[in-house]
Amino acid sequence: MNKQERRQLIEQEIVKCSRCGNCRSICPVFLAENNENTTPRSKARLLEAVLENDIELTAGVQQRFEKCLFCKACLTHCGSGVATDKVILAARTAAAERNGISPMKKLAFTGLRYRKLFDLCLRAGALFQHVIFKKLPDGRGRAPRILLPGAGLNQRRIMPDMTVSPLRTRLPEFIPAKKADSQGTVLFFTGCMLNYFYPQTGDAVVNILTANGWNVVIPAEQCCCGTPAFTSGDEATGRVLAEQNVQAIGSKKYDHIVTACASCGAALKEEYAHILGDSPLLAASQNVAGKVLDITQFVLQHCDLTKLGKVPLKVTYHDPCHLVRGMQVSAEPRQILQSIPGLEYVEMKDASRCCGAGGSFSAVYYELSRHINDKKLDNAANTGTDYCITGCSSCRMHITDGLTQRHSPMKVLHTAEIISMAYEAGGKEGETC
Ligand code: SF4
Ligand code: SF4
């Protein structure tokens, strides 16, 4: 699809908007700020004015399009079916082409294009993180020693530890199933957060898959899924990364692709088809999209739930936006959690409401993202549970930050980790029978 065709599509979306205002009642940014300028309908109207040359796409106008979490909640509340996410993305892309993006983002996204260099920088960063970040005594992560506004780091923000031994460096490319008669091969797309910050989630995914008789292949050439870049309007980097990943995945033999990061999964399944619209790799990306499953979908469809052992924890669940509205995964994690013997599950109010992370949104608008997160923490606390389970590392990081600042004893775990614990418990129970 060329630029003109894309412009026509966006114009068609904008004219669908009846200005009814339904989207106001669900937009977390509007609910936090009560400012009409932040509403989805206002953003659609603003882009319309830009396209009609009534106003210029200045840096100030660009900022208004940046105040969005990309949570997609407005899509589900729009009776006219306006694809507000596409409208906002188109505006950000046009603004980035005209005005550029912040120097920090530009540096980071340029680094992402060079996988080996990026990997080297993050591993060096892990070695020297103690210089800038002090470790918290309760083991929940690290807090900046100094104010780092240029990096979008508020001094009270708690970050996870960066591992000196990233998942993809530590694990071989091919991991055989733990059972002699393998069921097939799963390609595991790890994403960056699991690789560099939460490798224990990656270990849990591998454990689940191999324990259920699946071989695992983890392509070494995979890189960032590109979501941070293309959602910031840097479509060129998003495209480079999408092409690298489609080629890396295409070079392997596999039956299914599994992700444990909502943004990676949504990118592979939905976004690459748009980004690679006129690329020779479009057909290959559509083949990839058809094979992608979130780890909870995979467990429900291809793993043995009768082998889950006892996990005596009281838990609630937070729906990551890109999982519930990006990949339409909502019932699966709940069904699995409720199948784990000894586990007590309590649904929280507004579980699918955005936690306020929104990728770089929480770096640029930290106080606002904390304000949005407060509602999530209140709802989680009202369940009286000890653990908040979620399927996205970015949500995990943001919720952990809020819980730590509240001195809450509640902990956050990835869904894959609790499923893996249940399979390990099931294995031990089997040995003692
Ligand atoms: S709900 Fe849809 S139609 Fe109504 S104002 Fe929002 S974007 Fe426009
Ligand atoms: S995607 Fe979320 S934050 Fe952005 S306009 Fe829609 S509801 Fe608001």
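Side-chain atoms are counted along with the backbone in the values below, which use heavy atoms only and exclude waters and symmetry mates. All ligand and atom numbering here is 1-based and tracks the order in the structure.
Between E367 and R370, no side-chain nitrogen of the basic residue sits less than 4.0 Å from a carboxylate oxygen of the acidic one, so the salt-bridge criterion is not met. With salt bridges taken as basic N to acidic carboxylate O contacts below 4.0 Å, one links R406 and D374. We find that R115 and D119 are not joined by a salt bridge, their nearest charged nitrogen and carboxylate oxygen being 4.0 Å or further apart. The pair E36-R41 meets the salt-bridge criterion, since a charged nitrogen lies less than 4.0 angstrom from a carboxylate oxygen. Between R334 and D319 there is a salt bridge, since at least one side-chain N of the basic residue sits less than 4.0 Å from a carboxylate O of the acidic one. Taking the charged nitrogens against the carboxylate oxygens, D386 and K314 have no contact shorter than 4.0 Å, which rules out a salt bridge. Salt bridge absent: K43 and E48 never bring a charged side-chain N and a carboxylate O closer than 4.0 Å.
At least one heavy atom of G21 sits closer than 4.0 Å to an atom of ligand 1.
Take Y365 and apply the ring-ring contact (aromatic ring centres under 6.0 Å, His included) test, not counting sequence neighbours, and it matches F361. In this structure, the salt bridge (Lys or Arg N to Asp or Glu O under 4.0 Å) partners of R239, at least two apart in sequence or on a different chain, are E243, D278.
Counting protein heavy atoms only, atom 8 (Fe) of ligand 1 is closest to C17 SG, 2.3 Å. Among protein heavy atoms, the minimum distance from atom 2 (Fe) of ligand 1 is reached at C78 SG, 2.2 Å. Distance from atom 4 (Fe) of ligand 1 to its nearest protein heavy atom, with residue and atom name: C20 SG, 2.3 Å.
Atom numbering of ligand 1 starts at 1 in the shown order; those under 4.0 Å from a heavy atom of R41 are 5 (S). If you number the atoms of ligand 1 from 1 as listed, the ones under 4.0 Å from a heavy atom of S80 come out as 3 (S).
Only the backbone of R19 comes within contact range of ligand 1, with a heavy atom under 4.0 Å; no side-chain atom does.
Within the structure, ring pair (Phe, Tyr, Trp, His ring centres under 6.0 Å) contacts touching residues 267-301 (residues at least two apart or in different chains) are W214-F298, H256-F298, F298-H302.
Considering each of S18, C23, A44, S42, the one bringing a non-hydrogen atom nearest atom 3 (S) of ligand 1 is S18.
Neighbouring protein atoms of atom 4 (Fe) of ligand 2 (N, O or S, distance under 2.8 Å, waters ignored): C68 SG.
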